[in-house]
Amino acid sequence: MKVGIIGCGAIANLIVNNILATEKNITIEHFYDRDMEKAENLASIANGIAVINIEDLIDNVDLVLEAASPSSVNEYALKVLNKGKSMIIMSVGALMDENFRNEVVETAKKHNAKIYTPSGAILGLDGIKAASIGEIKEAKLTTRKSPRSLGKDVNKEEILFEGKASEAVKKFPFNINVAATLSLACDMDIDVKVIVDPKVDRNVHEVVVTGDFGKFTTRCENLPCASNPKTSMLAAFSAIKLLKHFNETLLSGT
């Protein structure tokens with residue numbers, strides 16, 4: 001399988017280095033970033049090609065992995081899917097726009113392509129997807145982040161946001177993809193609270209879900225990427241595992 005990457009930052013670097021070291025049947029050779037230097041640096045690691053024109057990436061791969069931004073999803077997803085190429089979307093917040101999400105899904109269906117969203121920086125997504133077979137009555141996400149990860153200078157805990165996921169992803173487009181991932185899994189616009197907390201040095205996500213299945217609670221304390229405190233290591237790991245999934249014979253989970 002040939003993979004092309006849009007967005008050559010911290011997550012992309014982690015993905016490329018892991019896949020190069022562990023997978024023989026996955027090649028990552030085409031790279032695109034608005035910052036050409038980033039694309040060239042990552043391409044040099046993979047002995048690949050940094051492209052100036054996004055079409056040159058799409059035309060030469062089987063799968064496109066987006067690791068850039070919600071605006072990149074808006075700009076490139078339909079171009080990818082219209083070529084019949086499947087796509088892994090990491091900036092899941094872009095899909096909280098219902099009209100855009102419907103257009104993306106219909107385009108993928110029309111051209112026999114698939115859209116994948118990794119589980120990201122949270123736990124329990126398989127359980128939520130299974131629970132969605134019945135009725136999910138309520139889903140809540142409380143996220144705590146350090147001031148550094150949010151670019152804040154505060155010395156006490158502060159609630160920055162309380163509302164629906166669809167609004168949270170607009171206010172924090174690079175910090176709260178987990179809210180969109182949970183919403184898609186639950187098929188509802190979940191409740192979200194975002195807290196900046198100088199006492200934490202990790203990205204903490206607490207999820208509470210109730211429904212016909214019962215109730216569960218998860219808490220994940222994620223170490224941030226050293227090169228990008230906005231991003232949890234687990235988010236990068238989830239994308240790596242999804243890529244490896246395509247090569248696996250024994251598959252576990254939903």
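What you see is a predicted model; the values in this text were computed from it and never measured. The residues of the chain are indexed from 1 along the displayed sequence.
- The line from CG of Asp33 to CD1 of Ile52 is 13.0 Å long, rounded to the nearest 0.5 Å.
- Contact annotation: the side chain of Leu184 approaches that of Arg101 to within less than 4.5 Å [non-hydrogen atoms, C-beta and beyond].
- Both Ile11 and Ile88 sit in one connected hydrophobic cluster of ILVMFWY residues. Membership requires side-chain heavy atoms under 4.5 Å apart, directly or through other members.
- Atom-to-atom distance recorded for Leu243:CG and Ile240:CD1 is 8.0 Å, nearest 0.5 angstrom.
- At least one donor-acceptor pair closer than 3.5 Å links the side chain of Lys85 to the backbone N or O of Val61.
- Judged purely by atom type and a 3.5 angstrom limit, Lys215 has no side-chain atom pairing as donor or acceptor with the backbone of Thr210.
- A continuous path of ILVMFWY side-chain contacts below 4.5 Å connects Val16 to Val3, so both sit in one hydrophobic cluster.
- The main-chain N or O of Glu103 is found under 3.5 Å from a side-chain atom of Thr107 such that the two form a donor-acceptor pair.
- Here Ile128 contributes atom CD1 and Cys186 contributes atom SG; the two are 4.5 Å apart, rounded to the nearest 0.5 Å.
- Shortest non-hydrogen contact noted between Glu221 and Val204 is CG-CG2, 4.1 Å.
- No side-chain donor-acceptor contact under 3.5 Å links His30 and Asp56.
- By the 4.0 Å N-to-carboxylate-O rule, Lys38 lies too far from Glu40 to be salt-bridged with it.
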Any chance you could lay out the side chain to side chain donor-acceptor pair (under 3.5 Å) test for Ser132 and Asp187, step after step, and finish with the verdict?
CA-CA 8 Å; Ser132 70; Asp187 194 26; over 6 Å; no
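- Residues Val207 and Val169 fall within the same hydrophobic cluster, defined by Ile, Leu, Val, Met, Phe, Trp and Tyr side chains chained together at heavy-atom separations under 4.5 Å.
- Thr22 and Lys244 form a side-chain donor-acceptor contact under 3.5 Å, judged by distance and modelled atom types alone.
- In this structure, a donor-acceptor pair under 3.5 Å is absent between the side chains of Ser146 and Asp201.
- Remark: side-chain polar atoms of Glu158 are not paired, donor with acceptor, to backbone N or O of Asp197 under 3.5 angstrom.
- The backbone N or O of Ser166 sits less than 3.5 Å from a side-chain atom of Asp189, completing a donor-acceptor pair.
- The distance from the CZ atom of Phe31 to the OG atom of Ser44 is 9.0 Å, given to the nearest 0.5 Å.
- Looking at every heavy atom in both residues, Pro198 comes nearest to Pro147 through CA-CD, 3.6 Å.
- Other residues, nucleotides and ligands place no more than 12 heavy atoms under 6.0 Å from the CG atom of Asp153.
- At least one donor-acceptor pair closer than 3.5 Å links the side chain of Asp97 to the backbone N or O of Phe100.
- Taking NZ of Lys83 as the reference point, atom CD of Glu55 lies at 4.0 Å (rounded to 0.5 Å).
- Under the 4.5 Å side-chain heavy-atom criterion for ILVMFWY residues, a single connected hydrophobic cluster contains both Ile122 and Phe213.
- Taking the charged nitrogens against the carboxylate oxygens, Lys137 and Glu135 have no contact shorter than 4.0 Å, which rules out a salt bridge.
- Of the possible polar contacts, none joining the Ser232 side chain to the Ala235 backbone as a donor-acceptor pair under 3.5 Å is found.
- Side-chain atoms of Glu206 and Thr218, non-hydrogen and from C-beta on, never get closer than 4.5 Å to each other.
- A donor-acceptor pair is defined here as one N or O able to donate and one able to accept, closer than 3.5 Å; such a pair exists between the side chain of Glu66 and the backbone of Met90.
- More than 12 heavy atoms of other residues, nucleotides or ligands shown are found within 6.0 angstrom of NZ on Lys199.
- In this structure, the side chain of Asn18 does not engage the main chain of Leu14 through any donor-acceptor pair within 3.5 Å.
- Atom OG1 of Thr27 and atom CG of Asn47 lie 11.5 Å apart (nearest 0.5 Å).
- In summary, Lys109 and Glu106 engage in a salt bridge, as defined by a charged side-chain N under 4.0 Å from a carboxylate O.
- Put simply, Leu65 and Met233 are part of the same group of oily side chains (I, L, V, M, F, W, Y) that touch within less than 4.5 Å, one to the next.
- In terms of heavy-atom proximity, Leu42 sits nearest to Asn13 at CD1-OD1, 3.4 Å.
- In this structure a side-chain-to-backbone donor-acceptor pair under 3.5 Å is missing from Thr117 to Val92.
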